2 protein chains.
Amino acid sequence: MDFTKLLNKHDLKITQARISLLELIEKENKPLDSQFLIDTLKQKFKVDKVTIFRILNVLTEHGILRKLEFGEGKARYELNTEDHHHLICQSCGNIEDISDCNIEALEKEIKQKKHFLVKLHTLEFYGLCKDCQKKSN
Amino acid sequence: MDFTKLLNKHDLKITQARISLLELIEKENKPLDSQFLIDTLKQKFKVDKVTIFRILNVLTEHGILRKLEFGEGKARYELNTEDHHHLICQSCGNIEDISDCNIEALEKEIKQKKHFLVKLHTLEFYGLCKDCQKKSN
DNA sequence: TTAGGTGCAAATGATTTGCAATAAT
DNA sequence: ATTATTGCAAATCATTTGCACCTAA
């Protein structure tokens, strides 16, 4: 994905930190926390953690990233692409994507019955992944 | 609700702090954050914030409370009753309950296709409540 | 050149921990 | 009497802020 073009479109300056962060998030392809991003990017070049937090905030405000919380007391970030959700293993912590949640029907019902206008929703599943079920944890 | 009996059933001691906290959460009937609980309970009797945090943790571990996060950088807690979800107004912050989400079909599909065993899910809707739509915020 | 981006130090806010004192059973 | 619970102080963790310096456009 061409992040230079993307940042340009949003009138955001092209910097090593921004490009590298976006490339890392794209490569890992799952919701990452700030600590992972800080540790990984610091190995590649000189960056301060404050810079990472500021980048995460701007990119989220511009809708380039999506901020998620899985009850861990910290946020995670992923590329804000199509509507999708997550399968979060409570044993090993692995996170898998799923799509096609088909919540539109529910949202329509909410609009009619509650007169609440849904802008976005979060839907996360917690349980045991295939492997952890075998380990009977 | 008889919280004395409930605490007994879980082999948790009956204390003023635990009973008052549970009664407050029951009375308010929406997800409350620690600060609100601390402020409100401190007016009624002498309690330390640490005690409140510890109570929230034990009660959550015992499944009496459910811990929720709405991307505010802090947790909220509610009585862990039936499966239900929330309509969170992005303008005024009001939180309304909804039930009957009918996610079972999706969970069944996840089990078959992904071999992931769903233990629990979160589903939250963010948008504008009836009143805030009028104010065109 | 100049507004936006970054680094460093220090602040904030939510939550946790250690330990001694206290209260519930 | 025994063990869980609480209070207080101090620590920790994620995240933010202020301000001077730097750099992409």
Side-chain angles (χ1 to χ4, degrees), chain A residues 2-22 24 31-62 64-78 93, chain B residues 2-22 24 31-62 64-78 93:
Chain A
D2 188 345
F3 293 121
T4 300
K5 201 170 281 178
L6 181 63
L7 290 175
N8 261 325
K9 201 170 65 184
H10 286 268
D11 282 310
L12 294 169
K13 289 185 175 167
I14 316 303
T15 67
Q16 182 182 28
R18 287 174 176 176
I19 295 294
S20 303
L21 182 145
L22 282 165
L24 179 54
L32 302 174
D33 58 56
S34 56
Q35 202 52 58
F36 176 86
L37 294 165
I38 291 163
D39 294 342
T40 310
L41 294 175
K42 272 198 168 173
Q43 285 172 230
K44 299 190 182 174
F45 57 97
K46 184 179 173 301
V47 235
D48 193 82
K49 63 173 189 298
V50 175
T51 301
I52 305 298
F53 278 111
R54 279 196 271 234
I55 291 174
L56 291 171
N57 287 338
V58 217
L59 297 184
T60 303
E61 283 158 22
H62 282 261
I64 295 169
L65 296 181
R66 180 187 300 142
K67 182 181 183 178
L68 301 166
E69 280 186 318
F70 296 150
E72 305 166 297
K74 68 184 175 191
R76 288 180 176 269
Y77 298 84
E78 65 180 3
Chain B
D2 188 345
F3 294 122
T4 300
K5 203 170 279 177
L6 181 64
L7 290 174
N8 260 324
K9 200 170 67 183
H10 286 268
D11 281 312
L12 294 170
K13 288 183 177 167
I14 316 302
T15 67
Q16 182 183 27
R18 286 175 177 175
I19 295 292
S20 302
L21 182 145
L22 283 165
L24 179 54
L32 302 174
D33 59 54
S34 55
Q35 202 52 60
F36 175 85
L37 292 165
I38 290 162
D39 293 344
T40 309
L41 294 175
K42 272 198 167 173
Q43 284 172 230
K44 298 190 184 175
F45 55 97
K46 184 180 174 299
V47 235
D48 193 82
K49 62 175 189 295
V50 176
T51 300
I52 305 297
F53 278 111
R54 279 197 272 233
I55 291 174
L56 292 172
N57 287 340
V58 217
L59 298 184
T60 303
E61 284 158 21
H62 282 262
I64 295 169
L65 296 181
R66 181 186 301 142
K67 182 182 184 177
L68 301 167
E69 279 185 321
F70 297 149
E72 305 165 296
K74 68 183 175 193
R76 288 179 176 269
Y77 298 84
E78 65 180 4

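Quantities reported herein were computed from a predicted structural model and do not represent experimental measurements. Sequence lines set the chain letters: A, B, ... in the order given, protein chains first and strands last, and positions in each chain run from 1.
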Minimum-distance nucleotide (side-chain atoms of Thr51(A) versus dA14(C), dT6(C), dT5(D))
dT6(C)
Measure from the side chain of Thr15(A), starting at C-beta and using heavy atoms only, and say which of dT17(C), dG7(D), dT6(C) lies closest.
dT6(C)
Output the single nucleotide from dT25(C), dA14(C), dG7(D) whose closest atom is nearest the side chain of Val47(B).
dG7(D)
Can you figure out which of dT15(C), dA14(D), dG7(D) approaches the side chain of Asp48(B) most closely?
dG7(D)
How about Gln43(A) and Asp39(A): does a side-chain donor come under 3.5 Å of a side-chain acceptor?
no
For dT15(D), take OP1 and OP2 only and decide whether either is under 4.0 Å from a side-chain N or O of Asn57(A).
no
Min side-chain heavy-atom separation Leu12(A)-Ile64(A) under 4.5 Å
yes
With a 3.5 Å distance limit and no angle check, can you tell me whether Glu78(A) reaches the backbone of Arg66(A) through a side-chain donor-acceptor pair?
no
Residue whose closest nucleotide on DNA chain D lies nearer the 5' end, Phe53(A) versus Asn8(A)
Phe53(A)
Nucleotide of dA14(D), dC8(C), dT6(C) approaching Val50(A) most closely (side-chain heavy atoms)
dC8(C)
Student check: side-chain heavy atoms of Ile55(B) and Leu22(B) closer than 4.5 Å:
no
Can a side chain N or O of Lys46(B) be found less than 4.0 Å away from OP1 or OP2 on dC8(D)?
yes
Regarding Asp33(B), tell me which of base, sugar-phosphate or nothing describes its non-hydrogen contacts under 4.0 Å with the strands shown.
nothing
For dG7(C), does the base pair up with any side-chain atom of Arg54(A) as donor and acceptor (N or O, under 3.5 Å, distance only)?
yes
Would you mind telling me which residue lines up with the more 5' stretch of DNA chain C, Ile52(A) or Arg76(B), judged by nearest nucleotide?
Ile52(A)
hbond_proxy Lys74(A) side chain to dT15(D) base (donor-acceptor, 3.5 Å cutoff):
no
Of Tyr77(B) and Lys49(A), the one whose closest DNA chain C nucleotide lies more 5':
Lys49(A)
